[in-house]
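Only a predicted model underlies this, so the values are computations on that prediction, with no experimental measurement involved. We count ligands from 1, going down the list as the structure has it; atoms in each ligand are counted the same way. Side chains included, hydrogens not; waters and symmetry mates left out as well; all remaining heavy atoms used.
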Amino acid sequence: MKTKIIICFVVLVSVFIIERENNFISKVSDKLLMKPRTPPEAGGHWMNVRQNGSIMTVSYPSEPFRRNFTWKSKSMHKPGKGELPASRSSGRKHILLLATTRTGSSFVGESFNQQGANVFYLFEPLWHVKQALNLQDVSTNYTVLSTAYREVLQQLLLCDFSLLESFMKPQPQDHVAAFLFCRECSRSLCENPVCTPYVKEVVENFHCRNRRCAPLNLTLTSQYCLQTQYTAIKSVRVQKLETLRPLVEDPRLDMRFIQLVRDPRAMLASRMVAFPSEYKNWRIWAKTSTIPDDDNNYEIRKLKEHCDNIRMSAETGLECPAWLYGRYMLVRYEDVARFPMRKAAEIYQFTGIPFHSRVKDWILNNTHSTSEFDSIYSTKKNSSQQMDKWRVTMSFKLAQVVQKVCSPAMTLFGYKFVENEATLRNLSVSLTEERTFL
Ligand SMILES: *[C@@H]1O[C@H](CO)[C@@H](O)[C@H](O)[C@H]1NC(C)=O
Ligand SMILES: *[C@@H]1O[C@H](CO)[C@@H](O)[C@H](O)[C@H]1NC(C)=O
Ligand SMILES: *[C@@H]1O[C@H](CO)[C@@H](O)[C@H](O)[C@H]1NC(C)=O
Ligand SMILES: *[C@@H]1O[C@H](CO)[C@@H](O)[C@H](O)[C@H]1NC(C)=O
Ligand SMILES: *[C@@H]1O[C@H](CO)[C@@H](O)[C@H](O)[C@H]1NC(C)=O
Ligand SMILES: *[C@@H]1O[C@H](CO)[C@@H](O)[C@H](O)[C@H]1NC(C)=O
Ligand SMILES: *[C@@H]1O[C@H](CO)[C@@H](O)[C@H](O)[C@H]1NC(C)=O
(Lines give C-alpha, C1' and ligand atoms only; values in the text may rest on other atoms or scores of the structure.)
(Ligands and ions follow the chains in the order given, each with its own letter.)
Protein backbone atom coordinates (compact mmCIF):
# COMPACT_ATOMS: atom_id res chain seq x y z
CA MET A 1 0.00 0.00 0.00
CA LYS A 2 2.72 2.37 1.00
CA THR A 3 4.81 1.64 -2.09
CA LYS A 4 1.72 2.15 -4.22
CA ILE A 5 1.20 5.57 -2.76
CA ILE A 6 4.82 6.43 -3.29
CA ILE A 7 4.71 5.26 -6.89
CA CYS A 8 1.57 7.31 -7.54
CA PHE A 9 3.20 10.25 -5.94
CA VAL A 10 6.39 9.95 -7.96
CA VAL A 11 4.35 9.69 -11.16
CA LEU A 12 2.33 12.75 -10.22
CA VAL A 13 5.39 14.80 -9.42
CA SER A 14 7.12 13.68 -12.61
CA VAL A 15 4.10 14.65 -14.67
CA PHE A 16 4.02 18.04 -13.05
CA ILE A 17 7.71 18.57 -13.71
CA ILE A 18 7.37 17.46 -17.31
CA GLU A 19 4.50 19.85 -17.75
CA ARG A 20 6.44 22.73 -16.33
CA GLU A 21 9.58 22.00 -18.18
CA ASN A 22 8.35 21.07 -21.60
CA ASN A 23 5.14 23.02 -21.81
CA PHE A 24 3.64 19.65 -22.43
CA ILE A 25 0.21 20.83 -21.44
CA SER A 26 0.16 23.74 -23.79
CA LYS A 27 1.08 21.49 -26.67
CA VAL A 28 -1.67 19.05 -25.80
CA SER A 29 -4.21 21.74 -25.19
CA ASP A 30 -3.36 23.37 -28.52
CA LYS A 31 -4.57 20.23 -30.17
CA LEU A 32 -7.74 20.13 -28.12
CA LEU A 33 -9.18 23.32 -29.39
CA MET A 34 -8.04 25.90 -31.84
CA LYS A 35 -10.11 28.95 -32.43
CA PRO A 36 -9.37 32.04 -34.43
CA ARG A 37 -8.62 35.02 -32.27
CA THR A 38 -11.38 37.44 -31.62
CA PRO A 39 -10.53 41.07 -32.30
CA PRO A 40 -9.16 43.01 -29.36
CA GLU A 41 -11.43 45.08 -27.20
CA ALA A 42 -12.13 48.60 -28.27
CA GLY A 43 -9.10 50.79 -27.80
CA GLY A 44 -6.72 47.87 -28.02
CA HIS A 45 -4.36 46.99 -30.78
CA TRP A 46 -2.57 43.96 -32.07
CA MET A 47 0.94 43.42 -31.00
CA ASN A 48 3.16 41.39 -33.24
CA VAL A 49 5.56 39.14 -31.51
CA ARG A 50 8.29 37.13 -33.15
CA GLN A 51 7.86 33.50 -32.44
CA ASN A 52 10.56 31.16 -33.58
CA GLY A 53 11.21 33.23 -36.66
CA SER A 54 7.54 33.68 -37.57
CA ILE A 55 5.24 36.42 -36.36
CA MET A 56 2.62 35.68 -33.77
CA THR A 57 -0.06 38.21 -33.03
CA VAL A 58 -1.45 38.86 -29.61
CA SER A 59 -4.18 41.26 -28.75
CA TYR A 60 -2.73 43.93 -26.61
CA PRO A 61 -4.48 47.07 -25.45
CA SER A 62 -2.30 50.11 -25.76
CA GLU A 63 -4.05 52.18 -23.13
CA PRO A 64 -5.68 49.78 -20.70
CA PHE A 65 -7.68 52.50 -19.08
CA ARG A 66 -8.22 56.21 -19.36
CA ARG A 67 -6.19 57.95 -16.74
CA ASN A 68 -8.33 60.54 -15.03
CA PHE A 69 -7.32 60.89 -11.45
CA THR A 70 -5.65 63.20 -9.04
CA TRP A 71 -3.53 60.88 -6.99
CA LYS A 72 -0.73 63.12 -5.75
CA SER A 73 1.57 61.16 -3.54
CA LYS A 74 3.57 64.20 -2.48
CA SER A 75 0.78 66.42 -1.26
CA MET A 76 -1.05 63.57 0.40
CA HIS A 77 -0.73 62.52 3.97
CA LYS A 78 2.11 60.05 4.11
CA PRO A 79 1.12 57.13 6.25
CA GLY A 80 3.55 56.14 8.96
CA LYS A 81 5.42 52.90 8.69
CA GLY A 82 2.95 50.69 10.41
CA GLU A 83 -0.02 52.67 9.23
CA LEU A 84 -2.01 51.57 6.20
CA PRO A 85 -2.76 54.08 3.49
CA ALA A 86 -6.38 55.14 3.21
CA SER A 87 -8.29 52.68 1.10
CA ARG A 88 -9.47 53.78 -2.27
CA SER A 89 -12.76 54.14 -4.02
CA SER A 90 -14.13 50.60 -4.20
CA GLY A 91 -12.89 49.55 -0.78
CA ARG A 92 -11.41 46.41 -2.30
CA LYS A 93 -7.76 45.72 -1.61
CA HIS A 94 -5.22 44.18 -3.91
CA ILE A 95 -2.29 42.04 -2.92
CA LEU A 96 0.60 40.85 -5.03
CA LEU A 97 2.80 38.15 -3.66
CA LEU A 98 6.08 38.44 -5.52
CA ALA A 99 8.46 35.57 -5.30
CA THR A 100 10.81 33.42 -7.27
CA THR A 101 10.43 29.69 -7.45
CA ARG A 102 11.46 27.76 -4.39
CA THR A 103 11.14 30.59 -1.93
CA GLY A 104 8.34 29.10 0.08
CA SER A 105 5.81 31.26 -1.70
CA SER A 106 3.43 28.32 -1.79
CA PHE A 107 3.13 28.59 1.95
CA VAL A 108 2.27 32.27 2.09
CA GLY A 109 0.08 32.06 -1.00
CA GLU A 110 -1.69 29.07 0.42
CA SER A 111 -2.43 30.90 3.62
CA PHE A 112 -4.33 33.49 1.56
CA ASN A 113 -5.97 30.70 -0.35
CA GLN A 114 -7.15 29.21 2.93
CA GLN A 115 -8.64 32.49 3.96
CA GLY A 116 -12.01 31.67 2.48
CA ALA A 117 -14.73 33.74 1.00
CA ASN A 118 -13.38 37.26 1.33
CA VAL A 119 -10.16 36.64 -0.60
CA PHE A 120 -10.11 35.90 -4.30
CA TYR A 121 -6.81 34.13 -4.83
CA LEU A 122 -5.08 33.41 -8.13
CA PHE A 123 -2.02 31.23 -8.46
CA GLU A 124 0.51 32.11 -11.19
CA PRO A 125 -1.91 33.46 -13.80
CA LEU A 126 1.05 34.98 -15.67
CA TRP A 127 2.01 31.47 -16.65
CA HIS A 128 -0.20 31.93 -19.71
CA VAL A 129 1.49 35.17 -20.67
CA LYS A 130 4.88 33.60 -20.30
CA GLN A 131 3.80 30.66 -22.45
CA ALA A 132 2.43 32.90 -25.17
CA LEU A 133 5.46 35.13 -25.22
CA ASN A 134 8.03 32.53 -24.36
CA LEU A 135 10.08 33.02 -27.41
CA GLN A 136 13.72 33.69 -27.49
CA ASP A 137 13.49 37.16 -29.04
CA VAL A 138 10.88 38.36 -26.62
CA SER A 139 12.05 36.77 -23.43
CA THR A 140 15.33 38.61 -23.86
CA ASN A 141 13.38 41.81 -24.31
CA TYR A 142 12.14 42.27 -20.82
CA THR A 143 10.46 45.56 -21.68
CA VAL A 144 7.80 43.80 -23.71
CA LEU A 145 7.38 40.99 -21.25
CA SER A 146 7.14 43.19 -18.17
CA THR A 147 4.60 45.48 -19.80
CA ALA A 148 2.45 42.51 -20.67
CA TYR A 149 2.79 41.12 -17.15
CA ARG A 150 1.85 44.42 -15.59
CA GLU A 151 -1.19 45.01 -17.74
CA VAL A 152 -2.51 41.51 -17.22
CA LEU A 153 -1.99 41.83 -13.47
CA GLN A 154 -3.69 45.20 -13.46
CA GLN A 155 -6.81 43.76 -15.06
CA LEU A 156 -6.81 40.62 -12.97
CA LEU A 157 -6.56 42.60 -9.75
CA LEU A 158 -9.69 44.37 -10.95
CA CYS A 159 -11.36 41.00 -11.62
CA ASP A 160 -11.15 41.45 -15.38
CA PHE A 161 -9.94 38.38 -17.28
CA SER A 162 -10.20 39.69 -20.83
CA LEU A 163 -6.53 40.43 -21.41
CA LEU A 164 -5.47 37.17 -19.81
CA GLU A 165 -7.94 35.40 -22.12
CA SER A 166 -6.09 36.76 -25.13
CA PHE A 167 -2.98 34.98 -23.93
CA MET A 168 -4.67 31.70 -23.10
CA LYS A 169 -4.32 28.73 -25.37
CA PRO A 170 -6.80 27.41 -26.27
CA GLN A 171 -8.62 30.70 -26.23
CA PRO A 172 -11.71 30.60 -24.06
CA GLN A 173 -14.94 30.39 -26.03
CA ASP A 174 -17.71 32.63 -24.75
CA HIS A 175 -15.39 33.28 -21.80
CA VAL A 176 -15.38 29.63 -20.84
CA ALA A 177 -11.86 28.32 -20.43
CA ALA A 178 -10.92 24.74 -21.07
CA PHE A 179 -7.64 25.32 -19.37
CA LEU A 180 -6.51 27.73 -16.74
CA PHE A 181 -3.09 26.97 -15.30
CA CYS A 182 -3.42 25.36 -11.92
CA ARG A 183 -7.10 26.10 -11.46
CA GLU A 184 -6.98 23.58 -8.66
CA CYS A 185 -4.47 25.75 -6.81
CA SER A 186 -7.11 28.36 -6.21
CA ARG A 187 -9.99 27.62 -3.91
CA SER A 188 -11.91 30.54 -5.31
CA LEU A 189 -12.05 28.76 -8.65
CA CYS A 190 -13.09 25.41 -7.25
CA GLU A 191 -15.82 26.33 -4.83
CA ASN A 192 -19.26 27.85 -5.04
CA PRO A 193 -20.34 29.77 -6.97
CA VAL A 194 -17.53 29.50 -9.53
CA CYS A 195 -17.60 25.72 -9.51
CA THR A 196 -20.71 25.12 -11.58
CA PRO A 197 -22.13 21.61 -11.80
CA TYR A 198 -20.23 19.22 -13.92
CA VAL A 199 -22.40 18.14 -16.82
CA LYS A 200 -20.59 16.23 -19.48
CA GLU A 201 -17.20 14.79 -20.07
CA VAL A 202 -14.87 17.66 -20.94
CA VAL A 203 -11.12 17.41 -20.90
CA GLU A 204 -9.92 20.11 -18.56
CA ASN A 205 -6.33 20.29 -17.50
CA PHE A 206 -5.73 21.13 -13.88
CA HIS A 207 -9.36 20.47 -13.02
CA CYS A 208 -10.44 20.87 -9.43
CA ARG A 209 -9.27 18.12 -7.14
CA ASN A 210 -11.96 17.92 -4.53
CA ARG A 211 -14.96 18.48 -6.76
CA ARG A 212 -15.87 18.02 -10.34
CA CYS A 213 -16.70 21.36 -11.87
CA ALA A 214 -17.75 22.44 -15.32
CA PRO A 215 -15.06 24.28 -17.32
CA LEU A 216 -14.25 27.63 -15.86
CA ASN A 217 -16.75 30.34 -16.76
CA LEU A 218 -14.68 33.51 -16.58
CA THR A 219 -17.70 35.80 -16.69
CA LEU A 220 -19.04 34.17 -13.59
CA THR A 221 -15.56 34.14 -12.04
CA SER A 222 -15.23 37.86 -12.63
CA GLN A 223 -18.64 38.57 -11.09
CA TYR A 224 -17.72 36.54 -8.05
CA CYS A 225 -14.31 38.19 -7.74
CA LEU A 226 -15.92 41.62 -7.63
CA GLN A 227 -17.93 40.61 -4.59
CA THR A 228 -14.89 39.66 -2.57
CA GLN A 229 -12.95 42.14 -0.52
CA TYR A 230 -9.44 41.24 -1.60
CA THR A 231 -7.74 40.00 -4.71
CA ALA A 232 -4.50 38.22 -3.98
CA ILE A 233 -2.24 37.05 -6.79
CA LYS A 234 0.89 35.03 -6.43
CA SER A 235 3.46 35.38 -9.17
CA VAL A 236 7.05 34.39 -9.71
CA ARG A 237 7.23 36.26 -13.01
CA VAL A 238 7.75 39.89 -12.08
CA GLN A 239 11.46 40.65 -12.09
CA LYS A 240 11.49 44.30 -11.11
CA LEU A 241 9.17 45.87 -8.61
CA GLU A 242 9.70 49.23 -10.28
CA THR A 243 7.80 48.03 -13.34
CA LEU A 244 4.66 47.74 -11.24
CA ARG A 245 4.54 51.37 -10.21
CA PRO A 246 1.57 52.12 -12.53
CA LEU A 247 -0.50 49.70 -10.43
CA VAL A 248 -0.02 51.88 -7.40
CA GLU A 249 -0.86 54.95 -9.40
CA ASP A 250 -4.11 53.44 -10.67
CA PRO A 251 -6.76 54.95 -8.40
CA ARG A 252 -8.91 51.85 -8.71
CA LEU A 253 -6.26 49.77 -7.00
CA ASP A 254 -5.21 49.73 -3.38
CA MET A 255 -1.99 47.77 -3.68
CA ARG A 256 0.10 45.81 -1.21
CA PHE A 257 3.27 44.09 -2.36
CA ILE A 258 4.82 41.25 -0.45
CA GLN A 259 8.23 40.19 -1.69
CA LEU A 260 9.46 36.83 -0.56
CA VAL A 261 13.17 36.14 -0.59
CA ARG A 262 15.34 33.24 0.43
CA ASP A 263 19.00 32.43 0.93
CA PRO A 264 20.27 32.09 -2.65
CA ARG A 265 22.38 29.09 -1.68
CA ALA A 266 19.26 27.28 -0.50
CA MET A 267 17.34 28.41 -3.54
CA LEU A 268 19.91 26.95 -5.91
CA ALA A 269 20.06 23.69 -3.95
CA SER A 270 16.29 23.41 -3.99
CA ARG A 271 15.99 24.16 -7.68
CA MET A 272 18.64 21.63 -8.57
CA VAL A 273 16.41 19.00 -7.02
CA ALA A 274 13.10 20.34 -8.31
CA PHE A 275 14.18 21.08 -11.88
CA PRO A 276 16.90 18.55 -12.67
CA SER A 277 17.02 19.10 -16.42
CA GLU A 278 17.10 22.87 -16.23
CA TYR A 279 19.89 22.65 -13.68
CA LYS A 280 21.74 19.82 -15.36
CA ASN A 281 25.05 21.68 -15.54
CA TRP A 282 24.90 22.70 -11.91
CA ARG A 283 24.28 19.09 -10.95
CA ILE A 284 27.26 17.94 -12.95
CA TRP A 285 29.46 20.62 -11.42
CA ALA A 286 28.32 19.70 -7.94
CA LYS A 287 29.08 16.04 -8.55
CA THR A 288 32.48 16.57 -10.11
CA SER A 289 33.45 19.56 -7.97
CA THR A 290 34.50 21.41 -11.10
CA ILE A 291 32.74 24.72 -11.23
CA PRO A 292 33.81 27.08 -13.98
CA ASP A 293 35.52 30.08 -12.46
CA ASP A 294 34.20 32.25 -15.23
CA ASP A 295 31.86 35.15 -14.87
CA ASN A 296 30.86 34.79 -18.50
CA ASN A 297 29.55 31.30 -18.05
CA TYR A 298 25.87 31.28 -19.03
CA GLU A 299 24.60 29.51 -15.93
CA ILE A 300 26.60 31.69 -13.60
CA ARG A 301 25.51 34.84 -15.38
CA LYS A 302 21.91 33.69 -15.08
CA LEU A 303 22.28 33.15 -11.35
CA LYS A 304 23.86 36.56 -10.96
CA GLU A 305 21.12 38.26 -12.92
CA HIS A 306 18.54 36.48 -10.85
CA CYS A 307 20.10 37.55 -7.56
CA ASP A 308 20.55 41.10 -8.82
CA ASN A 309 16.91 41.38 -9.88
CA ILE A 310 15.69 40.21 -6.51
CA ARG A 311 18.04 42.57 -4.75
CA MET A 312 17.12 45.57 -6.88
CA SER A 313 13.40 45.01 -6.31
CA ALA A 314 14.04 44.76 -2.60
CA GLU A 315 16.15 47.90 -2.66
CA THR A 316 13.31 49.74 -4.37
CA GLY A 317 10.93 48.52 -1.71
CA LEU A 318 13.19 49.13 1.27
CA GLU A 319 14.15 52.61 0.16
CA CYS A 320 10.49 53.31 0.70
CA PRO A 321 9.87 55.86 -2.06
CA ALA A 322 6.73 57.96 -1.73
CA TRP A 323 4.77 55.79 -4.14
CA LEU A 324 5.42 52.70 -2.04
CA TYR A 325 4.71 54.10 1.43
CA GLY A 326 2.98 51.44 3.49
CA ARG A 327 2.59 49.23 0.46
CA TYR A 328 5.71 47.06 0.51
CA MET A 329 6.79 44.27 2.79
CA LEU A 330 9.89 42.12 2.54
CA VAL A 331 9.57 38.64 3.97
CA ARG A 332 12.39 36.16 4.32
CA TYR A 333 11.54 32.52 3.81
CA GLU A 334 13.71 31.62 6.79
CA ASP A 335 11.66 33.79 9.11
CA VAL A 336 8.43 32.27 7.86
CA ALA A 337 9.89 28.81 8.34
CA ARG A 338 11.07 29.48 11.87
CA PHE A 339 8.19 31.59 13.11
CA PRO A 340 5.27 30.79 10.81
CA MET A 341 2.56 32.08 13.11
CA ARG A 342 4.30 35.31 14.00
CA LYS A 343 5.20 36.07 10.39
CA ALA A 344 1.72 35.21 9.18
CA ALA A 345 0.27 37.58 11.75
CA GLU A 346 2.56 40.33 10.47
CA ILE A 347 1.65 39.62 6.87
CA TYR A 348 -2.05 39.70 7.69
CA GLN A 349 -1.68 42.92 9.59
CA PHE A 350 0.15 44.45 6.67
CA THR A 351 -2.51 43.43 4.17
CA GLY A 352 -5.39 44.30 6.46
CA ILE A 353 -6.96 40.88 6.03
CA PRO A 354 -8.40 39.62 9.32
CA PHE A 355 -6.32 36.74 10.67
CA HIS A 356 -8.98 34.09 11.09
CA SER A 357 -8.65 31.10 13.35
CA ARG A 358 -9.20 28.91 10.31
CA VAL A 359 -5.93 30.19 8.87
CA LYS A 360 -4.20 29.80 12.21
CA ASP A 361 -5.32 26.18 12.34
CA TRP A 362 -4.16 25.66 8.84
CA ILE A 363 -0.73 27.07 9.68
CA LEU A 364 -0.45 24.88 12.76
CA ASN A 365 -1.42 21.84 10.75
CA ASN A 366 0.96 22.59 7.95
CA THR A 367 4.15 23.72 9.53
CA HIS A 368 4.71 20.95 12.00
CA SER A 369 3.57 18.10 9.88
CA THR A 370 5.72 15.02 9.85
CA SER A 371 4.26 13.76 6.61
CA GLU A 372 6.82 12.06 4.42
CA PHE A 373 4.81 12.65 1.27
CA ASP A 374 6.12 16.10 0.66
CA SER A 375 5.50 17.19 -2.86
CA ILE A 376 7.96 19.65 -4.30
CA TYR A 377 5.21 22.24 -4.11
CA SER A 378 3.91 21.04 -0.83
CA THR A 379 3.43 23.36 2.04
CA LYS A 380 3.22 20.40 4.38
CA LYS A 381 6.65 20.37 5.88
CA ASN A 382 8.32 20.52 9.20
CA SER A 383 9.34 23.95 8.20
CA SER A 384 12.25 24.63 10.51
CA GLN A 385 13.78 21.27 9.69
CA GLN A 386 13.19 21.86 6.00
CA MET A 387 14.88 25.21 6.05
CA ASP A 388 18.43 23.99 6.60
CA LYS A 389 18.27 20.77 4.64
CA TRP A 390 20.40 22.16 1.85
CA ARG A 391 23.31 22.67 4.22
CA VAL A 392 23.72 18.96 4.69
CA THR A 393 23.97 18.15 1.00
CA MET A 394 25.27 21.17 -0.87
CA SER A 395 28.94 21.03 -1.72
CA PHE A 396 30.98 23.74 -0.07
CA LYS A 397 32.43 24.70 -3.45
CA LEU A 398 28.97 25.34 -4.81
CA ALA A 399 28.08 27.40 -1.78
CA GLN A 400 31.21 29.47 -2.36
CA VAL A 401 30.24 30.16 -5.95
CA VAL A 402 26.80 31.38 -4.90
CA GLN A 403 28.32 33.50 -2.17
CA LYS A 404 30.58 35.15 -4.70
CA VAL A 405 27.93 35.70 -7.35
CA CYS A 406 25.09 36.73 -5.06
CA SER A 407 27.06 38.53 -2.39
CA PRO A 408 25.21 41.90 -2.62
CA ALA A 409 21.84 40.19 -2.25
CA MET A 410 23.05 38.05 0.65
CA THR A 411 24.41 41.08 2.44
CA LEU A 412 21.19 43.02 1.97
CA PHE A 413 19.00 40.21 3.26
CA GLY A 414 21.27 39.25 6.14
CA TYR A 415 22.50 35.83 5.05
CA LYS A 416 25.84 34.95 6.58
CA PHE A 417 28.71 33.79 4.44
CA VAL A 418 30.46 30.56 5.37
CA GLU A 419 34.23 30.38 5.30
CA ASN A 420 34.63 26.65 5.57
CA GLU A 421 32.78 23.41 5.16
CA ALA A 422 32.54 22.77 8.90
CA THR A 423 30.45 25.91 9.42
CA LEU A 424 28.25 25.06 6.44
CA ARG A 425 27.46 21.65 7.94
CA ASN A 426 27.14 22.79 11.54
CA LEU A 427 23.42 23.38 11.85
CA SER A 428 23.76 24.93 15.27
CA VAL A 429 25.33 27.92 13.53
CA SER A 430 22.51 29.99 12.07
CA LEU A 431 23.20 31.51 8.68
CA THR A 432 20.33 33.96 9.00
CA GLU A 433 21.04 37.18 10.84
CA GLU A 434 18.20 38.50 12.93
CA ARG A 435 16.84 41.45 11.01
CA THR A 436 13.67 43.42 10.75
CA PHE A 437 12.89 45.00 7.44
CA LEU A 438 10.52 47.87 7.65
C1 LIG B 1 10.94 26.35 -34.39
O2 LIG B 1 11.96 26.29 -35.36
C3 LIG B 1 12.61 25.05 -35.43
C4 LIG B 1 13.76 25.16 -36.41
O5 LIG B 1 13.41 25.98 -37.50
C6 LIG B 1 11.59 23.99 -35.85
O7 LIG B 1 12.21 22.73 -35.90
C8 LIG B 1 10.47 23.96 -34.80
O9 LIG B 1 9.47 23.06 -35.19
C10 LIG B 1 9.87 25.33 -34.65
N11 LIG B 1 8.93 25.31 -33.54
C12 LIG B 1 7.74 25.89 -33.61
C13 LIG B 1 6.92 25.82 -32.39
O14 LIG B 1 7.33 26.45 -34.61
C1 LIG C 1 -12.01 63.36 -16.48
O2 LIG C 1 -12.60 64.13 -15.46
C3 LIG C 1 -13.19 65.31 -15.94
C4 LIG C 1 -13.67 66.13 -14.73
O5 LIG C 1 -14.27 65.29 -13.78
C6 LIG C 1 -14.35 64.96 -16.89
O7 LIG C 1 -14.95 66.12 -17.40
C8 LIG C 1 -13.79 64.12 -18.03
O9 LIG C 1 -14.85 63.69 -18.86
C10 LIG C 1 -13.02 62.92 -17.50
N11 LIG C 1 -12.39 62.23 -18.60
C12 LIG C 1 -12.48 60.95 -18.78
C13 LIG C 1 -11.76 60.39 -19.93
O14 LIG C 1 -13.13 60.22 -18.03
C1 LIG D 1 12.29 45.87 -26.72
O2 LIG D 1 11.10 46.08 -27.46
C3 LIG D 1 10.66 47.42 -27.46
C4 LIG D 1 9.29 47.45 -28.14
O5 LIG D 1 9.26 46.67 -29.27
C6 LIG D 1 11.69 48.26 -28.18
O7 LIG D 1 11.27 49.60 -28.18
C8 LIG D 1 13.02 48.13 -27.44
O9 LIG D 1 14.02 48.84 -28.15
C10 LIG D 1 13.43 46.68 -27.32
N11 LIG D 1 14.59 46.60 -26.45
C12 LIG D 1 15.63 45.83 -26.73
C13 LIG D 1 16.73 45.83 -25.75
O14 LIG D 1 15.65 45.14 -27.72
C1 LIG E 1 -21.21 32.12 -17.65
O2 LIG E 1 -21.74 32.79 -16.52
C3 LIG E 1 -22.55 33.89 -16.87
C4 LIG E 1 -22.88 34.63 -15.59
O5 LIG E 1 -23.44 33.77 -14.66
C6 LIG E 1 -23.78 33.39 -17.61
O7 LIG E 1 -24.60 34.49 -17.96
C8 LIG E 1 -23.32 32.68 -18.87
O9 LIG E 1 -24.42 32.10 -19.52
C10 LIG E 1 -22.33 31.59 -18.50
N11 LIG E 1 -21.76 31.07 -19.75
C12 LIG E 1 -21.88 29.79 -20.11
C13 LIG E 1 -21.31 29.43 -21.43
O14 LIG E 1 -22.44 28.97 -19.40
C1 LIG F 1 -6.13 20.64 11.20
O2 LIG F 1 -5.97 19.27 11.54
C3 LIG F 1 -7.03 18.76 12.30
C4 LIG F 1 -6.67 17.34 12.72
O5 LIG F 1 -6.11 16.65 11.64
C6 LIG F 1 -8.31 18.79 11.48
O7 LIG F 1 -9.40 18.32 12.24
C8 LIG F 1 -8.59 20.23 11.06
O9 LIG F 1 -9.70 20.26 10.19
C10 LIG F 1 -7.39 20.81 10.36
N11 LIG F 1 -7.65 22.21 10.15
C12 LIG F 1 -7.34 22.85 9.02
C13 LIG F 1 -7.72 24.29 8.94
O14 LIG F 1 -6.79 22.29 8.09
C1 LIG G 1 10.78 19.78 13.29
O2 LIG G 1 12.19 19.87 13.15
C3 LIG G 1 12.85 20.46 14.24
C4 LIG G 1 14.32 20.59 13.89
O5 LIG G 1 14.86 19.38 13.48
C6 LIG G 1 12.64 19.58 15.49
O7 LIG G 1 13.26 20.18 16.59
C8 LIG G 1 11.14 19.46 15.73
O9 LIG G 1 10.91 18.57 16.80
C10 LIG G 1 10.42 18.94 14.50
N11 LIG G 1 8.99 18.99 14.74
C12 LIG G 1 8.17 17.97 14.44
C13 LIG G 1 6.74 18.15 14.77
O14 LIG G 1 8.57 16.96 13.92
C1 LIG H 1 28.99 23.92 15.90
O2 LIG H 1 28.98 25.27 16.28
C3 LIG H 1 28.84 25.46 17.66
C4 LIG H 1 28.66 26.95 17.90
O5 LIG H 1 29.63 27.70 17.26
C6 LIG H 1 30.09 24.92 18.37
O7 LIG H 1 29.95 25.09 19.76
C8 LIG H 1 30.20 23.44 18.05
O9 LIG H 1 31.38 22.94 18.58
C10 LIG H 1 30.19 23.23 16.55
N11 LIG H 1 30.10 21.79 16.28
C12 LIG H 1 30.94 21.19 15.49
C13 LIG H 1 30.71 19.75 15.29
O14 LIG H 1 31.85 21.78 14.95
Item to complete: Taking atom 2 (O) of ligand 7 as the reference point, report whether a protein heavy atom occurs under 4.0 Å from it.
Response: yes
I'd like to know if the two cysteines, Cys406 and Cys307, have SG atoms within less than 2.5 Å. yes
Quiz prompt | Tyr348/Phe112 under ring-ring contact (aromatic ring centres under 6.0 Å, His included): CA gap, chis, key distance, verdict | solution = CA-CA 9 Å; Tyr348 274 79; Phe112 290 139; 5.6 Å; yes
Checklist entry - Are Lys234 and Glu124 ion-paired here, with the side-chain N under 4.0 Å from a carboxylate O? => result yes
Between the side chains of Asn420 and Arg425, is a donor N or O closer than 3.5 angstrom to an acceptor N or O?
no
Atoms of ligand 4 under 4.0 Å from any heavy atom of Val176, numbered from 1 in the order shown, are 13 (C)
Counting both backbone and side chain atoms, is some N or O of Asp174 under 3.5 Å from an N or O of ligand 4?
no
Atom 8 (C) of ligand 4: closest protein heavy atom, distance to 0.1 Å, is Asn217 ND2, 3.8 Å
Between Asp254 and Arg256, does any NZ, NE, NH1 or NH2 come within less than 4.0 Å of an OD or OE carboxylate oxygen?
yes
Pair Arg332-Thr432, side-chain donor/acceptor within less than 3.5 Å: no
Numbered in order shown, the ligand 7 atoms found under 4.0 Å of a heavy atom of Ser428 are 1 (C), 2 (O), 3 (C)
- Item | Ala422 heavy atom under 4.0 Å from ligand 7 | no
Among Asn426, Leu427, Val429, the residue with a heavy atom nearest to atom 10 (C) of ligand 7 is Asn426
If we number the atoms of ligand 4 from 1 as shown, the ones under 4.0 Å from a heavy atom of Leu220 are 2 (O), 5 (O)
Atom 4 (C) of ligand 4: closest protein heavy atom, distance to 0.1 Å, is Gln223 OE1, 3.5 Å
Exercise for review: Using protein heavy atoms only, decide if any is under 4.0 Å from atom 14 (O) of ligand 4.
Suggested key: yes
Tyr415 and Glu334 side chains, donor-acceptor separation under 3.5 Å
yes
